[in-house]
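Structure, as structure tokens:
Numbers here simply count residues along the sequence, with the first being 1. As the structure is a computational prediction, the values presented were derived from the model and not from experiment.
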Amino acid sequence: MRAIDMHSHYYGGLVDDLLKRDRRPFVSRNAAGRLVLNAMTASTEMSDGYTDIPARLAWMDRNRIATQLMTFPGALGVDVMPAAEIAPAILSYNDHLAGLCAGSGGRFAGLAGLPLDDMAQAAAEMRRIRHDLRLPGVILPGNYFLSIEAVRRLAPVFDAAAETGALVMIHPGLMPGEAPPEPYPDTSVYRASVLNLQASLAQMAMTVLAGKLAEAWPSITFHLVNLGGTLPFVLERLEAVALSRPPHEPFPRESLRGMVYDCASLGPRALELAVRTFGADRIMLGTDYPIFTPDQVADTVEAAALTDAEKDMILAGTASRILDRLR
């Protein structure tokens, strides 16, 4: 089966603006002339896949990926910079992304970025993304989803998205005014990029549930990355706490099916647990390309102890249902 990758990032269309900057986030060139992405806390040499569409298509073909959802690089923190400074670059990127997707013959779909420092402008761009650019939705920084109070700031964006329906990817990222986290005193790459990040995704899921976002905006599909982080593993503890402490009511497990999830950068055992937790019809293939560049990405799904029908749903069925609805 040809798969649909629902979690990748695309930096083309933004690099020229980032090359003009001299403070993080910015792009520079190393001694060999290669582009270097200087993100909030780290610097990485950019592979061809960050910006080069033929290189991306070649990688997709090797991995049997028919369609790839490319997103604005939200984790950079560009979308939460002062709107007066960065909004033109974000809107230009969205135009570029829409053009690529429209001319790709179905190989690409795209999630745009928003100038979130100005919520009225962000809501207006949300409408333009769906009405004019015909992209399925947007990527939003996960820190908004760490509390109900914070996520309420996004209500104007949700209202705009709900007019036509939209896909909203919840991805780790800062809110306006937040500083990048300090590195841990040791093994920071593991503590920050794995242990803390995955726990924070479970917090984001809790906000969607407790804030009843799916009920308030039913035409929006909320997409949480990385299988919801640690959520499948701790769900039984959540249920035990719910019954043993006031108000002694069952944890709303079924509400977890109000979101969809991708399996980017996780393996077959995690995928099996997530299927038992959410159902295969709520899970999609994800790669996190080009941050991660695994070969034969579908092998994660094939190696999982799942039925053929469940594997087909994860590889393409769930994603196809969502993208078809938002065309």
Side-chain angles (χ1 to χ4, degrees), residues 1-10 56 59-60 63-75 108-111 135-142 145 166-173 193-194 197-205 208 214 220-233 256-294 296-304 306 310-326:
M1 170 177 285
R2 298 279 285 177
I4 301 175
D5 175 10
M6 290 293 281
H7 184 163
S8 79
H9 306 291
Y10 176 63
R56 182 177 290 258
W59 183 84
M60 290 167 58
N63 286 280
R64 308 188 304 279
I65 294 172
T67 300
Q68 186 177 66
L69 183 72
M70 302 191 297
T71 81
F72 179 87
F108 295 119
L111 296 184
L135 293 172
V138 294
I139 180 173
L140 292 178
F145 294 81
L167 178 64
V168 170
M169 177 187 277
I170 304 169
H171 188 284
S193 298
V194 182
L197 185 147
Q198 297 303 312
S200 75
L201 288 168
Q203 294 276 7
M204 297 169 201
V208 176
I220 296 176
T221 299
F222 290 95
H223 168 185
L224 187 59
V225 301
N226 298 170
L227 295 177
T230 57
L231 182 60
F233 181 79
L256 295 174
R257 288 179 47 79
M259 292 176 278
V260 294
Y261 310 81
D262 69 64
C263 64
S265 72
L266 295 165
R269 304 292 83 80
L271 182 57
E272 292 163 5
L273 180 57
V275 168
R276 292 197 294 272
T277 303
F278 309 127
D281 62 327
R282 310 310 294 171
I283 299 175
M284 308 173 292
L285 181 70
T287 64
D288 214 351
Y289 181 88
I291 313 304
F292 290 83
T293 53
Q296 301 304 316
V297 295
D299 288 353
T300 292
V301 180
E302 293 302 328
L306 301 171
E310 288 170 333
K311 292 176 182 179
D312 289 348
M313 190 67 68
I314 294 164
L315 287 171
T318 304
S320 178
R321 183 183 71 242
I322 293 168
L323 294 177
D324 287 348
R325 178 173 61 84
L326 295 172

- Task: Quick one: closest heavy-atom pair of Gly228 and Pro232, and the distance?
- Result: O-CD, 4.3 Å
- Using distance alone, with no hydrogens and no angle criterion, decide if Thr67 and Arg2 have a side-chain donor and acceptor under 3.5 Å apart. no
- Give the minimum heavy-atom separation between Ala214 and Gly258, together with the two atoms involved. CB-O, 4.0 Å
- Query: Closest approach of Ala205 and Leu231, non-hydrogen atoms and distance?
  - Reply: CB-CD2, 3.6 Å
- Query: When rounded to the nearest 0.5 angstrom, what is the spacing between CG in Leu315 and CD in Glu310?
  - Reply: 12.0 Å
- Stepwise side-chain contact (heavy atoms from CB on, under 4.5 Å) check, Gln68 with Tyr10: CA-CA 11 Å; Gln68 186 177 66; Tyr10 176 63; over 6 Å; no
- Message: Do Arg56 and Pro290 have side chains that approach each other closer than 4.5 Å (heavy atoms only, starting at C-beta)?
- Response: yes
- Test side-chain contact (heavy atoms from CB on, under 4.5 Å) applied to Val168 and Val208, Leu111, Leu224, Val138, the passing residue: Val138
- Side-chain donor/acceptor of Asp262 to backbone N/O of Ala264, under 3.5 Å: yes
- Separation of Met6 CE from Ser320 OG (nearest 0.5 Å): 9.5 Å
- Are any of the side-chain heavy atoms of Pro172 and Leu201 separated by less than 4.5 Å? yes
- Message: Is it true that His171 and His9 share a donor-acceptor pair across their side chains at a distance under 3.5 Å?
- Response: yes
- Query: Can you tell if the side chain of Phe233 reaches within under 4.5 Å of the side chain of Gln198, non-hydrogen atoms only?
  - Reply: no
- Message: Restricting to non-hydrogen atoms, name the atom on Phe222 and the atom on Ile170 that form the minimum distance, rounded to 0.1 Å.
- Response: CD2-CD1, 4.3 Å
- Note on the structure: For Gly110 and Pro136 the tightest heavy-atom approach is O-CD, 3.1 Å
- Note on the structure: Between Gly137 and Ala166 the two heavy atoms that sit nearest each other are CA-CB, 4.3 Å
- What do the steps show when you test Asn226 against Ser265 for side-chain contact (heavy atoms from CB on, under 4.5 Å), and what is the final call? CA-CA 7 Å; Asn226 298 170; Ser265 72; 3.9 Å; yes
- Message: If you define the side chain from C-beta out and look only at heavy atoms, does anything of Leu256 sit under 4.5 Å from Tyr261?
- Response: yes
- Item | Arg282 (side chain) donor-acceptor with Met259 (main chain) under 3.5 angstrom | yes
- Message: Under a 3.5 Å distance rule, please check whether Thr230 uses its side chain to pair with a backbone N or O of Ala202 as donor and acceptor.
- Response: no
- Query: Is the side chain of Thr318 donor-acceptor paired with the backbone N or O of Met284 at a distance under 3.5 Å, no angle test?
  - Reply: no
- Is it true that Arg321 and Asp281 make a salt bridge, defined as a side-chain N closer than 4.0 Å to a carboxylate O? no
- Evaluate the criterion side-chain hydrogen bond (donor to acceptor under 3.5 Å, both in side chains) for residue pair Asp5 and Thr287; output intermediate values, then yes/no. CA-CA 6 Å; Asp5 175 10; Thr287 64; 2.6 Å; yes
- Message: Within this structure, what is the NE2-OH distance for the pair His7 and Tyr289, rounded to the nearest 0.5 Å?
- Response: 14.0 Å
- In Å and rounded to the nearest 0.5 Å, what is the CD1 to SG distance from Ile314 to Cys263? 7.0 Å
- May I have the step-by-step check of side-chain contact (heavy atoms from CB on, under 4.5 Å) for Ile283 and Val260, ending in yes or no? CA-CA 6 Å; Ile283 299 175; Val260 294; over 6 Å; no
- Query: Say you draw a straight line from CG of Leu227 to CZ of Phe278; how long is it, rounded to the nearest 0.5 Å?
  - Reply: 7.0 Å
- Query: In Å and rounded to the nearest 0.5 Å, what is the NZ to CG distance from Lys311 to Leu271?
  - Reply: 9.5 Å
- Given side-chain contact (heavy atoms from CB on, under 4.5 Å), test Ile65 with Ile4 step by step and report yes or no. CA-CA 6 Å; Ile65 294 172; Ile4 301 175; over 6 Å; no
